[in-house]
Structures are given as C-alpha cells and as structure tokens.
Amino acid sequence: VKNQASAPPKLATWFLHWFLRHDLAEDVSGDLAERFYTYAENRSLFRAKLDYWYQVFAYLRPFAIRKLSYANQNSIPMFQSYFTTLVRGMKKNKLHAVINIAGLSVGMAVAIIIGLWIKDEVSYERHFDKYEKIGRVLQHVTNNEQVGTWWAVPWPLAEELRTDYGDNFRHVVLTRGADDHIVSYEDKTLTQIGTFAESDFAELFTLEMIHGSRQALSDPSSLIISETLAKAYFGDANPMGEVMTVDKYMTVHVAGVYKDIPDHSELANIHFVAAWELLYNQTPWIKNMHNPWRPNAFTLYVGIADNHSFEQVSANIRDAVLKNLNRELAKRKPALFVHPMAKWHLYSGFKNGHQAGGLITYVWLFAIIAGFVVLMACINFMNLSTARSEKRAREVGIRKAIGSLRSQLIQQFFSESIVTALFSFVVALLIVQLSLPAFNLFAVKNTALPWGDGTLWLYGVGLCVFIGILSGSYPAIYLSSIAPGKALKGVFKATRFSTMPRKVMVIVQFAVSVVMIIGTAVVFQQIQYAKDRPIGYDTNGLVSVQSNSNELHNHIDVVKEELVGAGVITDLAEADAPTTESWSTTSMFDWEGKDPDLSVDFANIGVSTEYGRTIGWEITQGRDFNRKFVSDSLGLIINETAANYMGLKEPVGATIFWYKEPYHVVGVVKDIVIQSPFEPVRPTFYFINRGAGGHMLFKIPLDRPMQEALTEIQRVYKKYNPGDPFNFQFIDEAYARKFGNEERVGKLAGVFTSLVILVSCLGIFGLSSFVAEQRTKEIGIRKVHGASVFQLWKMVSKDFVVLVLISCAVALPVAWHLATKWVNRYGYHVDISWLILLLGAICIIMLTILTVSWHTLQAAKMNPVKSLRAE
Amino acid sequence: MIETRLGEFEEVILLITGILPKGDAYALKIADEFKRQTGRDVSIGAVHSTLDRLEQKGFVKSELGEATAVRGGKRKRIFTITALGKRVLQEAMDFRISLWKQYPLLAGKLSFNYRM
C-alpha cells in the first residue's frame with residue numbers, strides 16, 4: 001500500500017549503500033525503512049524524508065563505513081613491483097626511455113632556467129622598504145600630433161606638489177637624474193655616476209647608512225657616497241668630513257656613507273648624492289631660467305601617502321604642470337601620473353598615453369615558451385606510452401586477472417610517470433648547473449641555482465608531480481581501461497580511434513615548432529633589416545670623447561692641427577651629444593604655415609661647423625655649414641623628416657623661428673638614425689654652437705691602427721686638459737649596442753626554438769621506431785612482392801609527413817598573425833613575406849622526413865627473410 | 001586487549017537492551033526507547049555504533065531476526081545481553097552504590113537491596 005512517492009529518498013538509500021558495510025546493509029536499511037514509514041504515517045512525508053536523510057548521515061561512523069577492501073593491504077611491495085616493472089621496461093626499450101628522459105629533462109631544464117630568469121626580472125626594486133608606495137612622476141604629452149611619455153619634468157614641480165598637493169605625499173624628492181660627474185679628492189680624479197637630490201632622498205629610498213644620518217643632505221654643502229665610492233677614494237679610512245669636489249667647481253664634504261643600492265634597481269649605479277640646492281645655486285642656467293616650467297630635464301621621485309593609491313594620486317596631480325604653463329607650452333597638454341616603483345623595471349613602455357610593452361612582454365614570451373617545451377616533452381611521454389600499449393596490454397591483462405583494480409593500474413602508471421619525471425628532474429638540474437654560465441653570459445645576468453633554497457625543491461617536486469600527472473594522465477586512463485580477456489587472448493589491437501589523440505598531439509607539437517621557427521626567423525630578419533638600414537653617416541673610425549671643461553674647446557684648432565699633422569685623425573668636430581644620442585628637444589619652433597595649435601617637439605643638436613664633414617653626413621639640398629659664412633651662426637640644417645613634417649616647399653632659405661628668433665635653413669641633410677634603429681627618425685635640426693659642446697668627435701682614418709691613434713689623441717687631450725679623465729667610446733660600438741636587447745632576445749628565442757624542435761623531433765623519432773617495428777612483417781611481405789626500398793620508405797614516412805602538413809596548415813596563419821603583431825611594435829620594420837612562412841614550413845617538413853627516415857629506412861632495408869621468419 | 005569499562009551512554013543502551021522484550025531489541029527500537037525514557041533524541045546510527053562497540057566488548061550478541069513488511073522485507077538485527085554484559089552492569093551498579101554510600105549527605109538513608 002505504499003506508492004512510489006512515499007518511499008524513502010532513492011538518493012539517500014543509494015548513498016547509504018555506497019558507504020555502508022555489506023554485513024550491515026540488510027538490518028540497517030530495514031531499520032531506516034521502518035522508521036521512515038512510521039514517521040510518514042504519524043507525521044508528514046517531508047519530515048520522514050528529512051529524518052531519513054539525517055539517519056543516513058548519522059550512519060557515517062567509522063564502524064559502519066565499509067573498509068576500502070584493499071586499503072589494508074601492504075602496498076609497499078606493490079610499489080616495489082611497479083618500480084621493477086618500470087626499470088625492466090626501460091632496459092628493454094632503451095630508446096624510448098632515453099627519449100622520455102632526455103625530452104623531459106630538456107623541457108624541465110628550460111623551464112627551470114626560464115623560471116630563474118623570470119624570478120630575477122621580477123625581483124627588481126623589491127628591496128626598498130615601502131617600495132609599493134614609491135613612484136616617479138612622468139608626463140604624457142602631445143607632440144607632433146602624437147602622445148608621447150616623458151620621463152623628465154620641470155624642476156618647480158617639486159615645490160608645486162609639496163604646497164598644493166601635499167596631503168598626497170610622504171616625500172617629494174627632486175633630482176637631477178643619474179649622470180656622469182668628475183669627482184675629485186686631493187689628487188684623485190675619477191668619473192662617477194651620481195645625482196643631485198633634495199634632502200629626503202635617503203629617507204625615501206631608505207638608504208642603509210654606514211656613517212652619518214639620512215638627513216645629511218639637508219646641509220647643501222654635504223655629500224653622501226656609496227660604500228664602493230668610499231673604498232675607491234679613501235680605502236679603509238673613515239671618509240666622514242673629508243672635502244671633495246664635484247665637477248671641479250662644487251666643493252662638498254662627505255656627510256654620510258650608504259650601503260650600495262642593490263643591483264636590481266634603476267638606482268643601482270648612483271654612487272654619490274649631493275644636495276639639489278648646491279646644484280641650483282651653482283648652475284646659472286637652472287637658477288636664471290627665463291621660464292623654469294619649460295625645460296623638462298629633472299627626475300622627480302615621490303613617496304605617496306599611505307592612505308592614497310597611485311591611481312588617486314595620479315588623478316589628483318594630473319594638471320599640476322599644465323596649470324603653470326603659458327598658452328604656448330600648454331598646447332602639448334602634459335598629463336602627470338605616478339609610475340609605481342614596482343613597475344619601473346617590467347612595465348616601462350608607454351604608447352599613446354597608456355602603459356604598453358616593456359620587459360613584461362619578454363617575461364610572458366619566455367614563460368609561454370617554457371610552458372610549451374614542457375608540454376612537448378609531456379606529449380612525447382604520452383605518445384610513447386600509448387604507442388607501446390599493445391605490448392603492455394598483456395601486462396595489464398595479467399595484472400587485472402590476478403585482481404588488480406583499475407585504480408591500482410592508474411596508480412601504477414602515475415607512479416611510473418612521476419618516477420620518470422623525478423629522474424628527469426635530477427638530470428635537468430645537472431643540465432641547468434652546466435648551462436647557467438653560458439646563459440648568464442647570454443642574458444647578462446648573474447643567476448645561480450639556489451641549491452639551499454627550500455622553495456626550489458618545493459617548486460621542483462611540484463613540477464615533477466605536475467609533469468608526472470600531466471604526462472601520465474592519458475596512458476593511465478587509456479591503458480588501465482583495457483579489458484583483461486581481450487588482452488590475454490591477444491586480440492587487443494589499438495583501434496583507429498585510439499591513435500587519434502596521438503596524431504592530434506603530434507600535430508600540436510609540430511604546429512608549435514612551426515610557429516616558433518617562423519617567429520625566430522622573423523626576429524632575426526627584423527634585426528637584420530634594422531641593421532641594414534642606412535643610418536645617414538659613417539660610424540667607422542668615429543670616436544667620441546667626453547670633455548666637461550672648456551680647456552680643450554679653447555684650444556680646438558691647435559688640437560686639430562696637431563692631430564691631423566700627426567696623421568691620426570682626418571677631422572675633428574664638437575657637438576653637444578655623441579651621434580648616437582640626442583638629449584635636447586624643443587617645442588619653441590615656428591615656421592610659416594604652421595598650425596598655431598600644433599605642439600611640436602624637434603630634436604636639436606648644437607654642432608661645430610666641421611660636424612657634418614667629420615661624421616660624413618649627406619646634404620641633399622642646399623649646403624653644409626661653413627666657417628666662411630658668418631651668417632651661419634643663425635643658420636640651421638634640418639633633416640629630411642623635419643623638412644617633410646613642416647611641409648616646406650622650398651626648405652633651403654626658409655625662415656624658421658626658434659624662440660621667436662629668425663633662423664634660416666642652409667641645407668637639408670639625409671636622415672641620420674640617432675636614437676632607436678627600430679623607430680622612425682625624428683624631426684631634427686642642427687645649429688652652430690660656438691661654445692664647448694661637451695663631446696668631441698674624432699674621425700680616425702681606417703688605415704691607421706686604432707690603438708696608436710687613441711694613444712696619440714689621449715696624449716694631446718691630457719696636454720691641454722690635464723685635469724679630466726679621458727673617456728671615449730667608439731661610435732660603431734655605441735650604435736651596435738642599440739641592438740643589444742633585440743639581439744639578446746633573438747638569440748634566446750633561437751636557443752629555445754631549437755630545443756622545442758629537438759624535443760618534438762625526439763618524439764616522432766620514438767614514434768617512427770615504434771611504427772617501423774610494428775610494420776616489420778608488412779614491410780617484409782611487400783618487399784617479397786617487389787616493393788622497392790624507396791617505395792617502402794615513402795609509404796611509412798608519408799603518415800608522419802601528412803601530420804606535419806596539417807600542423808603547418810594550422811600553424812602558418814597563427815605564425816603570420818603573431819609575427820605581424822610583433823613586427824608592428826617597431827616603427828621601422830620588415831613586412832612579413834609568405835616566403836619566410838614557406839621556408840619555416842619546408843624546414844620543419846625536411847626535419848621530419850630526416851628524423852623519420854632513420855627508422856623507416858632501416859625497416860625498409862631489412863632482409864624480408866629475417867623479418868618474416870620471426871616467431 | 002578488550003575494553004571492559006562501560007561508558008555512561010553504553011550503560012544506558014545496555015540497560016535498555018535488557019528492558020525491551022526479547023525480539024524488540026534492535027537498533028531502531030532501542031533508539032526509540034532511549035528517546036521515550038530520556039527525552040533526548042538520538043540517531044539510529046549512534047545507537048547502532050554503541051551496540052557494535054558493546055558487541056565487540058562481548059557485552060551483547062546479535063543475530064538476524066524476522067523480517068516484516070514495513071521494513072521492506074528486511075530482517076532485524078536483534079541484540080541480547082550476554083552473561084558478561086550482565087556482570088558488567090552489576091559491577092557498574094555496585095560501584096555506584098558503594099560511591100553513594102560514602103556520600104555524606106545521604107549515608108545510611110538509602111537502601112539498595114535488589115539484585116539482578
């Protein structure tokens with residue numbers, strides 16, 4: 001008389017029987033049913049059901065729960081057995097074992113090295129107390145119709161922020177920016193990198209003081225120096241109170257010594273800090289600025305208040321510069337923001353007023369590569385294990401027949417893959433240890449394996465288990481599902497369906513390889529393209545010498561005569577920057593027909609008349625500067641980009657106003673690549689600077705031994721300027737350094753790509769050995785029927801080539817898309833041609849054929865008598 | 001080693017097992033009787049778990065009894081007190097009484113004179 005609706009909840013009953021001891025099943029379910037029906041009758045059905053559930057859960061007691069019937073077995077011998085099976089399997093299949101371990105260890109080694117590199121990169125600026133509240137004030141400005149980001153600000157901004165926006169900040173520290181200075185003590189004179197900063201500098205960056213206090217800089221005549229600098233000048237003596245001079249005219253006394261700022265910081269190279277006030281008082285151009293809001297030449301660090309976020313502060317101070325500008329300067333619409341210290345190193349790129357790019361791109365790029373290499377190795381492991389499944393099917397069958405549970409088999413395969421992974425990890429550590437010195441050289445790093453660091457081992461073991469589970473998952477599930485009856489009868493055959501995942505994985509592997517090979521090729525192509533770019537002058541034999549004083553300038557003609565006479569140089573010029581850099585830009589530039597609302601930013605370089613001749617530039621219109629024309633002191637030479645930008649129909653002779661003063665264009669020069677060779681040339685003009693430029697350019701004839709010429713130049717330099725150190729650089733080397741970053745990335749990408757391809761090839765090498773072995777009989781029979789070695793080779797290789805062709809079809813669009821995206825980051829870039837895509841694909845196909853051929857040829861060449869006689 | 005001490009809840013369950021008429025001493029009925037006697041709710045599982053423990057200690061034994069329709073045709077597990085169980089109950093009571101007798105307020109005013 002009970003209908004279905006008034007029966008105990010099925011789910012609860014099912015659950016009860018799922019966990020309940022078998023011998024209790026009958027009476028317990030009886031009791032619960034009796035209680036249920038009594039309740040259902042006397043109370044409500046709902047109450048009865050609720051009570052039933054409650055009673056079921058109340059049976060979740062140790063005595064009532066079914067013992068996992070196998071849990072009480074001693075499982076250690078079982079694991080020993082797994083281990084023995086693994087070792088035997090490896091011995092029997094040495095090739096596969098080597099491929100597995102080699103692949104996995106290479107993959108892990110790459111992952112570890114990349115991990116170390118990333119760890120190093122993200123550790124920048126992290127050692128300052130309160131680094132998460134320190135920032136630098138930058139500005140987005142609109143110039144030449146583009147939004148750019150300036151790292152420098154006008155100096156009165158510091159005071160402005162303190163007075164009008166004071167509650168946003170803990171500290172506001174104006175500095176001159178780190179720069180080379182001549183620092184002397186008694187008769188010792190060296191060039192040192194240092195800065196001039198307001199007194200809170202030491203407090204903001206929590207410098208660790210060895211001598212003196214952090215407040216030392218509040219005395220304008222004081223100087224604080226790094227431990228290294230103290231060693232260099234004073235040895236072990238106490239430097240406190242000693243008198244030093246900076247740039248030969250600023251006399252200061254040492255009021256503090258701080259521990260060197262750690263390497264992983266933008267500030268690491270600052271070895272002395274003098275007071276901003278000192279610089280201000282002794283530098284006429286700063287002190288007597290006509291409009292101090294105009295020049296953006298100073299670095300401003302801030303510590304924001306604890307209860308403010310960077311976003312809030314950035315929003316608050318946005319217009320702090322703008323509101324102080326005159327109508328003319330306001331056209332560039334400066335928008336201030338605070339760049340947090342934690343982002344200085346990795347997120348230093350800006351595009352159109354937004355953070356974009358920077359090192360973080362490479363961190364991601366390499367992290368993805370590391371992931372792929374590991375994935376490749378895992379795929380190899382999976383493919384080889386499932387490929388051998390027919391062989392292992394018997395083992396699985398027997399194990400199951402003697403009573404192995406599926407869960408135990410899964411356990412077995414996972415333990416196999418984890419043990420293999422652990423073993424590979426040990427090999428990987430060896431590889432890392434051996435290749436780190438080379439990597440450090442490559443990446444200009446100083447990373448080491450932190451052997452004593454617990455986290456390394458934690459991550460290592462974690463990685464092993466992860467890789468073990470990832471690579472063991474498919475074999476574990478697939479192999480453990482084999483039906484023992486079939487396996488033992490020997491009718492178990494891998495079905496078409498079972499080879500599908502394997503094929504898909506090979507396709508994935510090769511698709512990644514194709515993308516990477518094309519990517520690397522494009523990187524190198526781009527670098528080469530930029531290197532082949534005409535740079536507008538001749539860097540060969542060009543040497544730039546810094547000269548901070550007037551002495552050499554005052555004797556420039558004598559110096560030149562002496563050196564040219566000795567035949568060590570052909571020409572000598574002065575400029576306010578070496579040809580590979582330009583430090584000055586101007587917005588106060590007007591010409592006829594200029595849109596009055598347009599804000600411009602032209603690079604300008606002050607040069608001596610011989611400049612063009614010395615560097616070998618190419619005048620395309622008009623003429624070069626000439627000493628004979630006195631009017632050239634108000635003459636300009638503009639580059640082609642500037643001429644185009646201004647849209648002058650007849651540039652030569654045109655009048656241009658610079659700070660409202662009329663200049664005339666005497667010539668147009670072919671574009672000179674001054675800054676990044678990957679970016680378009682900026683509008684630039686050159687003007688005659690009669691004063692000392694600060695840089696001397698010597699053109700050494702190529703037939704002259706460089707060393708001899710330099711010694712002679714140094715001798716003459718010292719003769720006229722005995723007080724200053726002789727600092728020189730070769731312009732061709734300085735120019736080559738502009739490629740440093742790209743070349744480093746290119747080389748690293750090259751190495752990693754080769755490794756990915758190596759691992760992929762290892763994989764199909766293993767698979768082909770397996771296929772060749774499996775098809776031995778077929779090949780024998782075909783051979784007996786007259787198939788040639790070539791036909792057989794073609795037949796077996798075809799399967800692999802088809803897979804790789806599919807990979808290419810998948811990979812090419814992806815590669816094209818990524819390469820285009822990457823290349824477009826550069827203003828001056830190659831166009832991705834289909835040729836490079838094709839080459840990449842052909843490369844991979846050739847590699848596949850070569851790899852596969854080893855085994856297929858062996859199988860094809862085998863004497864059929866032998867292959868058919870077996871069994 | 002067999003645990004021979006009797007917990008309070010165990011003692012009550014053991015007593016109720018003895019109180020119930022033979023054939024009615026199964027987990028569900030014991031739980032119901034417990035509720036009736038003490039007013040406290042207890043799950044069948046908790047009772048069963050105690051009975052299981054008592055059985056392991058050798059104080060009760062169990063066998064499968066009759067099946068009824070209301071139980072969905074499932075048999076009952078009937079528990080009966082063993083001789084050892086009876087002795088343990090007796091000892092527990094004696095121990096209490098000896099304690100009560102030493103309790104100064106009531107000393108001499110109580111008389112316990114029944115035996116099982």
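All figures in this text were calculated on a predicted structure; none of them were measured in a lab. Each chain gets a letter, A, B and so on, in the order its sequence line appears, and its residues count up from 1.
Residue Ile44(B) touches chain A through both its backbone and its side chain, counting heavy-atom pairs closer than 4.5 Å. Neither the backbone nor the side chain of Val56(A) comes within contact range of chain B, judged by heavy atoms closer than 4.5 Å. Phe57(A) does not touch chain B: none of its heavy atoms, backbone or side chain, sits under 4.5 Å away.
Atoms CG and OG, from Asp51(A) and Ser43(B) in turn, are 9.5 Å apart once rounded to the nearest 0.5 Å.
Heavy-atom minimum distance, Lys74(B) versus Gly30(A): CB-CA, 3.5 Å. Looking at every heavy atom in both residues, Arg71(B) comes nearest to Asp27(A) through NH2-O, 3.2 Å. The shortest heavy-atom contact between Leu28(B) and Asp31(A) is N-OD2, 3.2 Å. The heavy-atom pair separating Gly45(B) from Gln55(A) by the smallest distance is N-OE1, 4.2 Å.
In Phe95(B), the CZ atom is not crowded: 12 or fewer heavy atoms of neighbouring residues, nucleotides or ligands sit closer than 6.0 Å. No more than 12 heavy-atom neighbours from other residues, nucleotides or ligands sit within 6.0 angstrom of CZ on Phe423(A). Within a 6.0 Å radius of CH2 in Trp18(A), no more than 12 heavy atoms belonging to other residues, nucleotides or ligands are found. Residue Arg47(A) qualifies as open at atom CZ: its count of foreign heavy atoms under 6.0 Å is 12 or below. Other residues, nucleotides and ligands contribute more than 12 heavy atoms inside 6.0 Å of the CZ atom of Phe9(B).
No side-chain heavy atom of Phe63(A) sits under 4.5 Å from any side-chain heavy atom of Glu55(B). Arg77(B) has its side chain out of reach of Glu26(A): every pair of non-hydrogen atoms, C-beta onward, lies at least 4.5 Å apart. Residues Arg61(A) and Thr50(B) have side chains not in contact (no heavy-atom distance under 4.5 Å, counting atoms from C-beta outward).
In terms of non-hydrogen atom pairs under 4.5 Å with chain B, the most contact-rich of Ala58(A), Pro62(A), Ala64(A) is Ala58(A).
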